[in-house]
Amino acid sequence: MVNGVRFPVSTMLLLPRGLRFKHNGKRMNVNKWNDLDTFFKTNSKYYKQIDNDNVVFNTWVSGAGGDFFTTLFLDSMLDVRYLDHQMLKYLKHYNRWQQIIPCMEMRINAAIWVNDTLENTQNEIEYLQQQYLLVDYVYNLYILFELPPNEFIDIIDNIFKDALTCHITIKNTHHYKAHNLPVIPYFYYKNFEKVKTVLLGYTEDETLRFYIDVLKLTKNFHWVDKTTKQLRLDLFPLETNLDIIKEASLFYNSILEPVDNIDIVRGVIAEVLLKCLKENKYDVDKTKQNFREHLKNYTQQLSLIDLNTVELADTDDWLATTAKPYSGMMNWLPTNQLYKIDYRKLVLEQDTATIKQMMQLYNSNQDILYYKTQMQMYHERNMKLFNQLKTELPLAVKKL
Amino acid sequence: MILSDKQKRKWEELDTFFKTNSKYYKKLDNKDYTFMVWKSGAGGDFIVSLFLDGLLLNLSTQDHDISNNLFYENRYPQLLPFIENRLENIIYIKNQTIVDLLRTNRKYYNKLANAFAIWKKLMIPTDLTDFDFDHIFSTALTSELSYTNLNPIITHHLPVVPYFYYKNYNKVKVVVIKPATIKVQQYISVLSAIKRKDDGLHGILVQDYNEFERFSEDEKKDIADDIWQLFNEIKQSSTSNAVHGVIAELLLQCIGTDEFKTIGLDRALNKKIREYIVELDNINLNNTETIIPPTAWLTTARPESGMLNFLSNEQLYEITYEDLIINQDIETIKQLMELYNSDQDVSYYKTQIQLYHERNMKLFNQLKEDLHQWLCLHSHCA
């Protein structure tokens, strides 16, 4: 037992020294497990009650290509909806793949919204605001481990129970896609030893992390609400004045107006603008004054990326006590439960041993050459996208 | 129920073909597959998502297009392996590599046309050269996805072809949702057009539209451009999602005769809309006139063909749209609950289906209103 959390004896030995001893940041990590354990033990009626069979959490940071890897190695390419116009656009323009396996964050979200959607309540503003608040509490607990107000605990408990109980299996295993580590599921599953966590596209390299982040921005184009034509509300802090969002959106749309290839640059421009707004405390006039400089800096940073340079990334204290894939919150798991699949080896180098490990993990049916070729082509498509952005972004800066 | 002589002959013809030409004839060691079969518009996606408890949680409600489909078109995404989709994927993804996302390669198109001729129409193509049908079907019919103890598969056609591939067809269950009356059939077609939105116009030049057959490639291109131009103009002037799909479909129908060349596409469309409104106004869901499928359909895999009528009650579940969706019949709901091992109580499913039907009716009535309004504006009658 470490500060009240029951780890299996074998895993105690695997806990990094910092977790067991006094290093400040890592110590917090253990304390966080302890706090969570107390919270769920006290408040959840499903604490260690979900009688799970074999479960795999396929976890990756957005942009790292986990959708493609799981679809490829689970031999599920046939179930991709290429016919759907939107899917076709994802694939053709962004090398972005459809989610074939249940997505944990999506299930949590759907557990909040779906039943109500069925009952036609989507137009009730007051109800919507309450639901958005619930979404915040749920995700803050799931990702950041922030405890919700007492009156929300029961409802959140049921949401997690529903989201974590999925009847779908592929090749006799329950698979989830997730952008966060299964820390909260640990407190719900009775047989956590049957849970595997595969960190797909994992990297300790700062350069690759930036590259993956760029891919994420390029592949995500849901920045603007199609109905209001404004930047999505959830991109701003909850208390942001609607007039500010409107003005910022007008500015965003005016930046994109003269751009030739909007699809490629809109994500980066949105990201830089939002950062710039935050820095300027959501003062749109000030943001307008220094946005160009920000975008120019980002463009320069982008042009300097050399994928052959390896630079070790830091994990700060804040990140270390979240469920985010790079936090290390589950590093205490044994090697037959936690698999870190290196992005460089899998995608850039198409390393045979890594591909074999993936094939074994996913019980894949094709021969190794097939997967190797697919990985190579996937990487080439990403590089094409990345280079296109490097060409387009300076042109966008010039037009500002 | 017994099969007609024509149907028996069709089965014999197919059996001889697969026995002679397929190396997988009765060899695929199938699981307990449950095929959900429905005609486009008849809500099979909703039903299967509802009765397989928890499957609805996999809806990408955060995805703008999917949530739009749910909110405005009451349309559910496909969450389970879909045979027609899989057939297309096998052909277009050579060795699972995307070879032709825009479907412009004629060679692949011909393969698909052949595969669909077998799957949908149960017609054996005369030329089997360069058509690896055996690989196509054996791959499409094997799914690794299971849900509790079921292996659900969805399709718009009866699983006749799987009969010749599966070793244990006795393990296969088939659920068919189909209309019993003519007016409900029309109503379902309207829902289908609304919910498909402009899907039919995407890839207009590479789709197999009979309306286009008599034109040269250049003419087709010009016509497609005109259709898109007019459609986009209409889309910009109309905010109603309900009308877009119907207008897309009627635009395609306009090409069926040469009249559009003389009076212009927009006038031809106006005329079509007028006729369509009359049809819509005549749809009365209480009308009991039953469907008598055309003879040509009886030897196809269409849901209403009856080609699987020899199966026992434990394998074939024929459910009418009227019983399930319109009347929310308790016995029918219970039957589906049993089939899908559903966990909630019967009133939950009854309520959800009732709400689903109400949303569809709202959409249908809205379409009628919007089309009247649209016609009024475009005929300058206001």
Side-chain angles (χ1 to χ4, degrees), chain A residues 71-72 74-89 91-92 98-103 105-115 117-120 122-123 159 162-163 165-172 221-222 224-227 232 234 363 365-366 370 373-374 377 381, chain B residues 46 49-50 52-68 70-71 77-82 84-90 92-93 95-98 101-103 139-140 142-150 152 197-199 201-203 341 351-352 355-356 358-359 362:
Chain A
T71 308
L72 176 69
L74 282 170
D75 303 314
S76 299
M77 289 288 197
L78 291 187
D79 293 320
V80 175
R81 317 281 177 214
Y82 300 92
L83 275 178
D84 184 303
H85 183 70
Q86 203 65 31
M87 292 305 160
L88 190 74
K89 197 173 171 188
L91 282 168
K92 196 171 147 50
Q98 189 192 353
Q99 287 164 12
I100 296 291
I101 52 177
C103 169
E105 288 82 4
M106 201 68 83
R107 285 177 66 84
I108 291 173
N109 203 55
I112 297 171
W113 294 101
V114 165
N115 278 341
T117 312
L118 293 171
E119 285 167 25
N120 286 338
Q122 71 271 17
N123 293 324
I159 287 167
D162 288 345
T165 313
C166 178
H167 300 295
I168 288 183
T169 59
I170 298 179
K171 298 184 178 179
N172 299 323
F221 53 95
H222 291 308
V224 169
D225 184 298
K226 283 188 187 169
T227 317
R232 275 180 15 229
D234 58 310
N363 203 6
N365 286 330
Q366 310 275 342
Y370 163 75
T373 311
Q374 294 298 327
M377 292 195 309
R381 293 194 296 267
Chain B
F46 167 74
S49 306
L50 178 68
L52 285 175
D53 298 301
L55 187 66
L56 280 178
L57 292 187
N58 293 337
L59 294 183
S60 305
T61 43
Q62 275 169 328
D63 184 304
H64 183 82
D65 293 285
I66 291 172
S67 60
N68 241 3
L70 278 171
F71 289 167
Q78 287 161 6
L79 297 167
L80 298 170
F82 180 50
E84 285 80 354
N85 186 56
R86 297 183 124 226
L87 287 172
E88 182 137 14
N89 285 352
I90 294 162
Y92 279 100
I93 312 168
N95 296 323
Q96 297 186 1
T97 304
I98 305 158
L101 281 173
L102 289 175
R103 275 74 171 137
T139 313
T142 309
S143 162
E144 300 276 8
L145 184 137
S146 63
Y147 199 94
T148 52
N149 296 322
L150 294 165
K197 294 202 280 191
D198 54 6
D199 277 3
L201 295 186
H202 290 290
N341 303 324
T351 309
Q352 295 303 333
L355 290 168
Y356 174 77
E358 282 170 12
R359 293 194 297 270
K362 192 175 157 194

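Below, read A as the first sequence line, B as the second, and so on, with proteins coming before strands; counting in each chain starts at 1.
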Chemist: Against chain A, label Leu80(B) side chain, backbone, both or neither, depending on which of its atoms sit under 4.5 Å from a heavy atom there.
Modeler: backbone
Chemist: Pairing donors with acceptors under 3.5 angstrom, does anything connect the side chains of Ser76(A) and Thr71(A)?
Modeler: no
Chemist: So which of Gly54(B), Pro77(B), Pro152(B), Pro81(B) has the largest heavy-atom pair count under 4.5 angstrom toward chain A?
Modeler: Pro81(B)
Chemist: Report which part of Glu84(B) has an atom under 4.5 Å of a heavy atom belonging to chain A: side chain, backbone, both, or neither.
Modeler: neither
Chemist: If you count heavy-atom pairs within less than 4.5 Å of chain A, which of Asn58(B), Thr148(B), Leu55(B) leads?
Modeler: Asn58(B)
Chemist: List the residues meeting side chain to side chain donor-acceptor pair (under 3.5 Å) with Asn363(A), not counting sequence neighbours, and say none if there are none.
Modeler: none
Chemist: For Lys171(A), is there an ion pair with Asp75(A) - N to carboxylate O distance below 4.0 angstrom?
Modeler: yes
Chemist: What residues, two or more places apart in sequence or in another chain, satisfy side chain to side chain contact (heavy atoms under 4.5 Å, CB included) together with Asp53(B)?
Modeler: Ser342(B), Asp343(B), Gln344(B), Tyr349(B)
